[in-house]
Amino acid sequence: MLDIRWIRENKEETEKRLASRHGGDEAKVDQLLQLDQKRRALLTEVEQLKSDRKAVSKEIGALIGQKKLEEAEAKKAATKEIGDRIAELDQQANQTTEEQQDILLTLPNLPHETVPAGVSETDNPEIRQWGEKVSHPFPPKTHVELCEQLGLIDFARGAKLAGSGFLLYTGWGARLERALIQFLLDLHTKEHGYTEVSPPFVVNPDCMTGVGQFPKFYDQAYAVQEGQDSSTLGKLYLIPTAEAPVANIHREELLREDQLPIYYCAYSPCFRAEAGAAGVGTRGMIRVHQFDKVEMIKIVPADQGYAELDAMVGNAEKVLQLLDLHYRVILLCTGDMGFASAKTFDIEVWAPGQGSFLEVSSCSNCEDYQSRRMNLRYKNKDGKNVFPHLLNGSGTALARLFVALIETHQQEDGSIRIPKPLQPYLGADIIPAP
RNA sequence: GGAGAGAUGGCUGAGUGGUCGAAAGCAACGGUUUGCUAAACCGUCGUCGUGGGAUAACUGCGACCGCGGGUUCGAAUCCCGCUCUCUCCGCCA
C-alpha cells in the first residue's frame, strides 16, 4: 500500500510512476485525492464537535458533583443534539475512509528508479548469464518423455486424482522431489543464514491482503470451506506461495531494530487456480495447479533493501550453480513487474528439452508496500517507528527446476546424472535407465 | 462440539460510569555516581489520525484498553454479537 500523505504531496510523480506500469492505475489518483480531501474536512469538523462535547460533559460531571442537578439536566439536553450530529459525521467520515482505503488497496507499488521502462517481458534486460547450454551428442528428450520412460511422474493418474494440472510423482520422481526440497532448505539455512520455518498451507484473507494478493487476485486463489458449510467459505485460502504466511509472521508487530534483519526460508506446496491462464491443460509440469517451492523472505531496515535484494538473488543463483544448470538473470521492466514489487529479478534456467528458458525464481523488494499493508514496523535508533523493507524470492520453484535438471543431465542411455551436491540427498549418483 | 476463564501500552500487570491515555514493575533511552564486563539514584519514555509550525524542534485537537455494534451528556469500565487464547470434557491424526 502506498502512503496517502506521500501521494498527496507527490501527485504527479505518483501518476507518472503508476503509468509506467501500463496498468491504467494512474487514473485513480484524482479520485483518491478527492476522497482524501473530503475525509480530512469531515474529520476537522467532527473532531471540533467532539472536543466541544467533551468539555460540556466535564462540566456536567462537575455540576452533578455540586448537586446542581437542574443546570446539569439543561446541559445534557443541549449536548444530546451535538451527539447526534457527531454520529452522523462519524458515519460519513468512516465511509469516506473506507472508500479511500479500497482504492489504495488496488494501487500497485511504484517501480524503483533503477527499474527500466518497458511494456512487456520483451523489454526485460538480461543482467547476466551463468554456464552455457549443454550440447547433448544425441537429440535431448523432453521432460515429459523422460518422466514417462523413467516412471518419475504418472501424468494420467495425477489427472485422474485431481484433474489436469496436478502431478503424481512416483518412484525416483517422488524421491528426487523430496531430495531437492531437503537440499534447498539445507543450502539456505546452513550456507545463507536463513531460519527455516514450516508455515500453515492455508491462510486467512488478511494475510493475502498483506502481501498484495488480495483484493486484485481473488480469482487466482483456491478458497476452502469446511464440509458443506458455505458460511465458512472465504475464511481460508490455499497458499499460492509460502510468501503469504511467512511474510506475515510478524504482521501488526512492532520490532526493535536490533531484531533485524530477519531471514526466513520455508518449503511449501503452492496452489494456483491459474484461472484464465493459457497452458494448464497441456501436458508436462511447466504450468501446474500445485507445485513445490522453497521460498526466501527477508525483513530488513528500510535503507538496506536493495543490498539485501542483490544478496537474495545470489542465494537463488547458488542453487542453479550447484546443480550445474545454465541460467540467466533478468531484470523485470516497469510493465512486467508483480503487483507489490518495486524491483524484481527473475532467474530463468535453461531447459534443453523445451529449447527455452524457464522462470524458476523471482526475487523482489517490495520496500514498505507490504509492511504498510500488514502494519509491520520496527523502532529505529532514533525511536521512530518505520516500516521495514520486505523481500521475497523463490529459492527456487521445484517443478521447473525438476524439468531443467532432468533435461539437462539426461544421458544417451536414458539415465539421469545427478550433480554431486544433490547426491547425498537422493542417495544415488544416477537415476538409472529403465 | 460442550462447560468455564480471559484479551489493557515493547513485555508483565492494576484498574467496574466522569478527576484514566490509563497505577506499578520490567525493558529502552538520557544523566549522576561508585575501581572492578555490573549495581544504585534521578529523569524521559504508547500508537495512529488531523491541524499549526520549515516536510524540524515543538505544539492544539481527536481516536485507540481484542474486533464490531448498543446504552449514556459522558464507556477500559454496563449490554449484545464476533474473533482469538487458556483450562476441563468429548471426538480425532
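Just so we're on the same page: letters track the sequence lines, and every chain starts at 1.
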Check the distance between [N]'s [atom2] and [X]'s [atom1] and give it to me in whole angstrom.
X        : N     : atom1 : atom2 : answer
A:Glu253 : B:U47 : CD    : P     : 17 Å
A:Leu42  : B:G49 : CG    : C1'   : 14 Å
A:Leu255 : B:A27 : CG    : C1'   : 15 Å
A:Ile4   : B:G49 : CD1   : C1'   : 13 Å
A:Leu49  : B:G74 : CG    : P     : 13 Å
A:Leu254 : B:A28 : CG    : C1'   : 12 Å
A:Asn380 : B:A28 : CG    : C1'   : 13 Å
A:Lys384 : B:U47 : NZ    : P     : 9 Å

Whether [X] contacts [N] is assessed here as follows: a side-chain N or O lying under 4.0 Å from the phosphate OP1 or OP2. Is that the case?
X        : N     : result
A:Arg40  : B:G49 : no
A:Arg256 : B:A28 : no
A:Lys54  : B:A63 : yes
A:Lys50  : B:G74 : no
A:Arg39  : B:G49 : no
A:Arg8   : B:U50 : yes

Looking at every strand, decide which applies to [X] at a 4.0 Å heavy-atom threshold: base, sugar-phosphate, or nothing.
X        : value
A:Lys235 : nothing
A:Lys75  : nothing
A:Leu43  : sugar-phosphate
A:Ser57  : base

Let's see if you can work this out: which of [options] has an atom nearest to the side-chain heavy atoms of [X]?
X       : options             : answer
A:Ser51 : B:G62, B:C48, B:G46 : B:G62
A:Glu9  : B:U50, B:C73, B:U55 : B:U55
A:Arg53 : B:U50, B:G46, B:G74 : B:G74

- Backbone N or O of A:Arg157 within a donor-acceptor pair of the A:Asp154 side chain at under 3.5 Å? yes
- Query: For A:Lys76 and A:Asn375, take the nucleotide of RNA chain B holding the closest heavy atom to each; which residue's nucleotide lies nearer the 5' end?
  - Reply: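 This one resolves to A:Asn375.
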- Message: Return whichever of A:Val46 or A:Thr79 has its heavy-atom-nearest nucleotide of RNA chain B closer to the 5' end.
- Response: A:Val46
- For residues A:Asp336 and A:Asp346, determine if any side-chain heavy atom of one lies less than 4.5 Å from a side-chain heavy atom of the other. no
Please verify the inter-ring angle class for [X] with [Y]; under 30° counts as parallel, over 60° as perpendicular, anything in between as tilted.
X        : Y        : answer
A:Tyr218 : A:Tyr237 : tilted
A:Phe339 : A:Phe217 : perpendicular
A:Tyr263 : A:Tyr194 : tilted

Nearest-angstrom distance, [atom1] atom, [N] to [M]:
N     : M     : atom1 : result
B:G43 : B:U55 : P     : 36 Å
B:G60 : B:G4  : C1'   : 48 Å
B:C67 : B:U8  : P     : 10 Å
B:A14 : B:C65 : C1'   : 12 Å
B:A76 : B:A63 : P     : 9 Å
B:U77 : B:G70 : C1'   : 15 Å
B:G46 : B:A23 : C1'   : 15 Å
B:G1  : B:C73 : C1'   : 45 Å

- Task: May I have the step-by-step check of side-chain hydrogen bond (donor to acceptor under 3.5 Å, both in side chains) for A:Gln34 and A:Asp30, ending in yes or no?
- Result: CA-CA 6 Å; A:Gln34 278 167 24; A:Asp30 273 325; 5.6 Å; no
Between [X] and [Y], a side-chain donor and acceptor under 3.5 Å:
X        : Y        : value
A:Thr96  : A:Glu99  : no
A:Glu45  : A:Gln92  : no
A:Thr396 : A:Ser361 : no

- Sole residue of A:Lys293, A:Gln370, A:Gln213 in side chain to side chain donor-acceptor pair (under 3.5 Å) with A:Glu243: A:Gln370
- Structure string for RNA chain B in dot-bracket form, Watson-Crick and G-U at under 3.5 Å, | interchain: ((((((((.[[[..)..(.....]]].(((((.......))))).(((((((.....))))))).[[[[[..)....]]]]])))))))....
- Base of B:G49 paired with side chain of A:Glu47 (donor-acceptor, under 3.5 Å):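 By the distance-only test, yes, there is a pair.
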